[in-house]
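Reviewing the structure listed below.
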Amino acid sequence: QVQLVESGGGLVQAGGSLKLSCATSGRTFSFNTRGWFRQAPGQEREFVAAISYSGRTIYYADSVKGRFTISRDSAKRTVYLEMNGLKPDDTAVYSCAAGWMNTGYTDSHKYNTWGQGTQVTVSS
């Protein structure tokens with residue numbers, strides 16, 4: 001059974017930075033894609049970024065492109081989301097996810113394993 005555990009969330013001022021981590025335990029052969037999603041209060045879950053197992057395929061939501069960077073350390077079985085230039089609109093619970101796919105990286109339904117989420121709050 002695969003478990004994903006996020007860490008690194010917190011409170012930061014606008015313009016600041018945070019780096020989220022998603023550690024993996026258990027067998028990982030059942031997925032080839034890792035993603036980050038976020039959900040703000042009263043809003044639907046939205047795609048943030050995704051990375052393939054090889055790291056050669058990366059996608060970002062337009063709203064975070066140029067500010068966020070997704071990466072992975074296979075040896076540590078960890079995926080990261082480095083967030084710079086944070087804005088109050090980035091405030092949300094951020095969750096990492098894993099799944100097996102060759103298309104549809106932005107579709108949350110493609111991911112079958114989720115972490116519990118970590119809160120990111122950006123003050124103005």
Checking C22 against L20 for the side-chain contact (heavy atoms from CB on, under 4.5 Å) test, could you report, in this order, the C-alpha distance in whole Å, the side-chain angles of both residues, the deciding distance, and whether it holds?
CA-CA 7 Å; C22 178; L20 307 182; over 6 Å; no

Trace of the side-chain contact (heavy atoms from CB on, under 4.5 Å) decision for L18 with F68:
CA-CA 10 Å; L18 283 174; F68 290 12; over 6 Å; no

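R72 places a side-chain N or O within 3.5 Å of a backbone atom of S52 that can act as its donor or acceptor partner. Put simply, the side chain of Y111 gets close to the backbone of Y105: a donor and an acceptor are under 3.5 Å apart. Under a 3.5 Å cut-off, the side chain of R34 and the backbone N or O of Y80 do not form any donor-acceptor pair. Distance alone, capped at 3.5 Å, is enough to place a donor-acceptor pair between the N32 side chain and the M101 backbone.
Among residues two or more places apart in sequence or in another chain, the side chain to side chain contact (heavy atoms under 4.5 Å, CB included) test is passed with A61 by F47, S63, V64. In terms of the side chain to side chain contact (heavy atoms under 4.5 Å, CB included) criterion, residue partners of S7 (sequence neighbours excluded) are, by chain and number, S21. With sequence neighbours left out, the side chain to side chain contact (heavy atoms under 4.5 Å, CB included) criterion links T121 to L11, T91, Q119.
There is no path of hydrophobic side-chain contacts, each under 4.5 Å, that joins I58 to Y53.
Scanning both residues, S95 and G117, for their nearest heavy atoms gives OG-CA, 3.6 Å. Counting all heavy atoms, side chain and backbone alike, T24 lies closest to F31 at CG2-CZ, 4.2 Å. Here the closest non-hydrogen pair linking D107 and F37 is C-CZ, 4.3 Å. A pairwise comparison of heavy atoms in S124 and A14 identifies CA-CB, 4.4 Å as the closest pair.
Salt-bridge annotation for K87 and D90: absent, with no side-chain N of the basic residue lying under 4.0 Å from a carboxylate O of the acidic one.
Residue pairs meeting the salt bridge (charged side-chain N to carboxylate O under 4.0 Å, His left out) criterion with at least one partner in residues 3-23, sequence neighbours excluded, are absent. Sorted pairs that involve residues 109-124 and meet salt bridge (charged side-chain N to carboxylate O under 4.0 Å, His left out), not counting sequence neighbours, are lacking altogether. Within the structure, salt bridge (charged side-chain N to carboxylate O under 4.0 Å, His left out) pairs that include any residue of residues 41-53 comprise R38-E46 (at least two apart or interchain).
We find the OG1-CD1 distance between T33 and I51 to be 9.5 Å, quoted to the nearest 0.5 Å. The distance from the OG atom of S17 to the CE atom of M83 is 8.5 Å, given to the nearest 0.5 Å.
Between L81 and V79 there is no side-chain heavy-atom pair separated by less than 4.5 Å.
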